[in-house]
Amino acid sequence: MTEPFEDNVPNDAGADAKDSPNGDDAGSAELERLKSELAEAQDRVLRSQAEMENFRRRTRRDVEDERRFATQSLLGDLLPVLDNIQRAIEAGKQAGDGAGLLQGFEMVYHQLLEVLKQHHCPQVGVVGDPFDPAVHEAIAEEPSQELPKGVVSRVHLSGYKLHDRLLRAAQVVVSSGPPTA
């Protein structure tokens, strides 16, 4: 004989649906629990993806900064050489002799300044600039007939920037304006 279809259903699955008066409630509660777990898992995945994208951006920015400022230590080492060339030029001007040597030093000095500019390392701190504590270091203040108060009147030591970073502040003398009687 053939058994009816209901008897072929496994005992535990059929028993739950038949014996439990709230069989639909238990199934819907289980469905809600699974939906909640799925939503939490999706949220964790989205957060992980966002964290990974932020990490990529930070890494990319750090690598770009590293490339931009890779020559910082080299340029810092070159600055004293540039200072010495400038001092030699000044000493040659004061001595009055050796015009050819002086002219040669000036050419080398200007050529080196151009190379620094090409590598995004311009000189900062020029006579006549308004005093800016972000790029100037005031070492003295002096009266000046020609320059108003708060303007660079002399540059003791030139400053330099690399891109937007200050390598060395310019040491300057700042005008206090016309002398008072």
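Starting from 1, each residue takes its place in the sequence as its number. Reckoned from all heavy atoms, side chains included, excluding hydrogens, waters and symmetry mates.
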[Y] side chain reached by [X] side chain, heavy atoms, under 4.5 Å:
| X | Y | answer |
| --- | --- | --- |
| Ser153 | Val127 | no |
| Leu75 | Leu162 | yes |
| Lys161 | Val135 | yes |
| His120 | Arg68 | no |
| Thr71 | His119 | no |
| Leu102 | Lys93 | yes |
| Leu113 | Gln123 | yes |
| Glu66 | Asp62 | no |

Step by step, work out the side-chain contact (heavy atoms from CB on, under 4.5 Å) result for Leu166 and Val124. CA-CA 9 Å; Leu166 186 66; Val124 295; 4.2 Å; yes
Donor-acceptor pair, distance only, cut-off 3.5 Å: does the side chain of Ser144 make one with the backbone of Leu147? yes
Got a donor-acceptor contact below 3.5 angstrom from the Ser48 side chain to the Arg44 backbone? yes
Neighbour count >12 (heavy atoms, 6.0 Å) for atom [atom1], [X]:
| X | atom1 | answer |
| --- | --- | --- |
| Gln103 | CD | no |
| Arg47 | CZ | no |
| Gln111 | CD | no |

side-chain contact (heavy atoms from CB on, under 4.5 Å) between Val152 and Val173, worked out: CA-CA 6 Å; Val152 174; Val173 176; over 6 Å; no
Testing the 3.5 Å rule here: is there a donor-acceptor pair between the side chains of Ser175 and Glu141? no
Same cluster or not: [X] versus [Y], using hydrophobic residues (I, L, V, M, F, W, Y) connected whenever any side-chain heavy atoms lie under 4.5 Å apart?
| X | Y | answer |
| --- | --- | --- |
| Leu78 | Val115 | no |
| Val81 | Leu157 | no |
| Leu79 | Tyr109 | yes |
| Phe105 | Leu116 | yes |
| Leu101 | Val108 | yes |

Can you tell whether the side chains of [X] and [Y] come within less than 4.0 Å, N to carboxylate O?
| X | Y | result |
| --- | --- | --- |
| Glu53 | Arg56 | yes |
| Glu137 | Arg168 | no |
| Glu64 | Arg67 | no |
| Asp65 | Arg60 | no |

Salt bridge (Lys or Arg N to Asp or Glu O under 4.0 Å) between Lys117 and Glu114: does it pass, once the steps are laid out? CA-CA 5 Å; Lys117 282 181 193 174; Glu114 282 303 311; 3.5 Å; yes
Apply side-chain contact (heavy atoms from CB on, under 4.5 Å) to Tyr160 and Leu82, showing your working. CA-CA 11 Å; Tyr160 296 88; Leu82 192 60; 2.8 Å; yes
Nearest-0.5 Å distance that lies between atom [atom1] in [X] and atom [atom2] in [Y]:
| X | Y | atom1 | atom2 | answer |
| --- | --- | --- | --- | --- |
| Lys35 | Ser28 | NZ | OG | 9.5 Å |
| Ile139 | His156 | CD1 | NE2 | 4.5 Å |
| Leu38 | Asp43 | CG | CG | 11.0 Å |

Do Gln86 and Ser158 pass the side-chain contact (heavy atoms from CB on, under 4.5 Å) test, and can you show the C-alpha distance, the side-chain angles, and the key distance before you say yes or no? CA-CA 10 Å; Gln86 189 174 17; Ser158 296; 4.0 Å; yes
Mind jotting down which residue pairs meet the ring pair (Phe, Tyr, Trp, His ring centres under 6.0 Å) criterion with at least one end in residues 51-93? Sequence neighbours excluded, please. Phe69-His163
Closest contact, heavy atoms only, His136 versus Pro130: CE1-O, 3.4 Å
